[in-house]
Every structure is written in structure tokens, then in C-alpha cells.
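Here is the structure we will look at.
In each ligand, atom 1 is the first atom listed, and ligand 1 is the first ligand listed. All residue numbers in this chain count up from 1 along the given sequence.
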Amino acid sequence: MHPLRQILAFLLFAAALAGCSEQRVEPPGAPRGGDFVLRSAGGPVDTRALRGKVLLIYFGYTHCPDVCPASLAAGAQALNTLSPEERGKVRLIMVSVDPERDTPERLKEYTAYFHPEMLGVTGSAEEIAAVAKAFGAGYIRQPARPDGSYAVDHTTRTYAVAPDGKLAVALELNAPAEKYLETVRGLLR
Ligand code: NI
């Protein structure tokens, strides 16, 4: 390869990496989704009991400084745009990737800030890891800061599960509320 081309190829590669920092945490292989049972403040959330509904599943954590709030706000906005009948057939679920700090109660408080019908669920570290892997979502806990706090880098997609329980599509970060709406209505049809 010509040296200049080599440099150009490297630059393009580097740019691609820089542009998708949220994706480097994701495991390889095609995500297949799948049922799970995790805990919310209101009791267990079993996706098998949610057949017939569209699930919007987001992996995040309540201490997240910026990405989670933006994504959850877009999802909540989409919910508010649906008719009450449609909204009854949608569940917005935040799965915590920080089970150590995110108790079901803390998650409830956090999700209620975005939408009263949003569910926040957590489980053991092993349970969360298994669910994330099934959806092709990833997360990496960063080293603790001097004050003991820490960040968790995580997938920023929202996974839409069809009424039949199958993973249908992953909405990218910064997808507008209209895109959520279009996806939900498409899956409810
Ligand atoms: Ni986040």
C-alpha cells in the first residue's frame, strides 16, 4: 500500500473509533434479545408477562452525568405523544448497569423524574451481565475517583422489543422522539 494511503486509512480508522466510543463496550456477535426477570421497586419485572406490549429497553445508571438523561427524556417524550390506548401497550424499561449503587428504590425515584410509567430494574451483577449480553449491550465500570465515585461507560442504544417478545430494532443515541414514536407505532401495527 502507498504510504500516503496507509496514513489516510489509519486516519479514517481513528476517526471511526473516535466517533463511536459508546460502541466499544459492546460484545461481539449478533444480539438476540430474550426474556428476563429483574427487580423493580414494585416487584419483579418478567418480560414474559409483557407479551403484547412493545418494550423500549435502555441500559444505564442513575449517576450517569449526561447520556442517560437525554435518552430517557426522548423515550419519555415519545410516550407522552402516544394516545393513552397506545401508551398502555408500551413499557419503557431502564436496566441498571450499576447494580451496586442503583437500588430498586433509587431507580424508581430516578425513572419517575422522566416518566411515571417508566420502570427501573436491577439485579445481581451476574443477572445484569447476562441480560446485557443477550441484547448486545455493553458496559465497563471506570476506576473510582478519589472521592469514591465512579462512572460506568455503557451502550447508549434503546432496544425495541416487539409484542411477540423478539428484539426488533436498536435506536441510536440522539434518535429524536419522533423516531421512537415511529418505531413503537410500527411495532404495534
Ligand atoms: Ni448513561
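Scored by the side chain to side chain contact (heavy atoms under 4.5 Å, CB included) test, Ala160 finds Leu56, Val169, Thr183, Leu187 as partners (sequence neighbours excluded). Not counting sequence neighbours, the partners of Thr47 by the side chain to side chain contact (heavy atoms under 4.5 Å, CB included) test are Asp35, Phe36, Leu55.
Taking the charged nitrogens against the carboxylate oxygens, Arg145 and Asp147 have no contact shorter than 4.0 Å, which rules out a salt bridge.
Residue pairs meeting the side chain to side chain donor-acceptor pair (under 3.5 Å) criterion with at least one member in residues 73-87, sequence neighbours excluded: Asn80-His115, Ser83-Glu86, Glu86-Arg185.
Protein contacts to the Ni ion (ligand 1) involving N, O or S atoms at a distance below 2.8 Å are Cys64 SG, Cys68 SG, His154 NE2.
Not a single donor-acceptor pair under 3.5 Å links the side chain of Thr155 to the backbone N or O of Arg157.
The aromatic rings of Phe114 and Tyr110 lie perpendicular to each other, with more than 60° between the two planes, well past the 30° mark.
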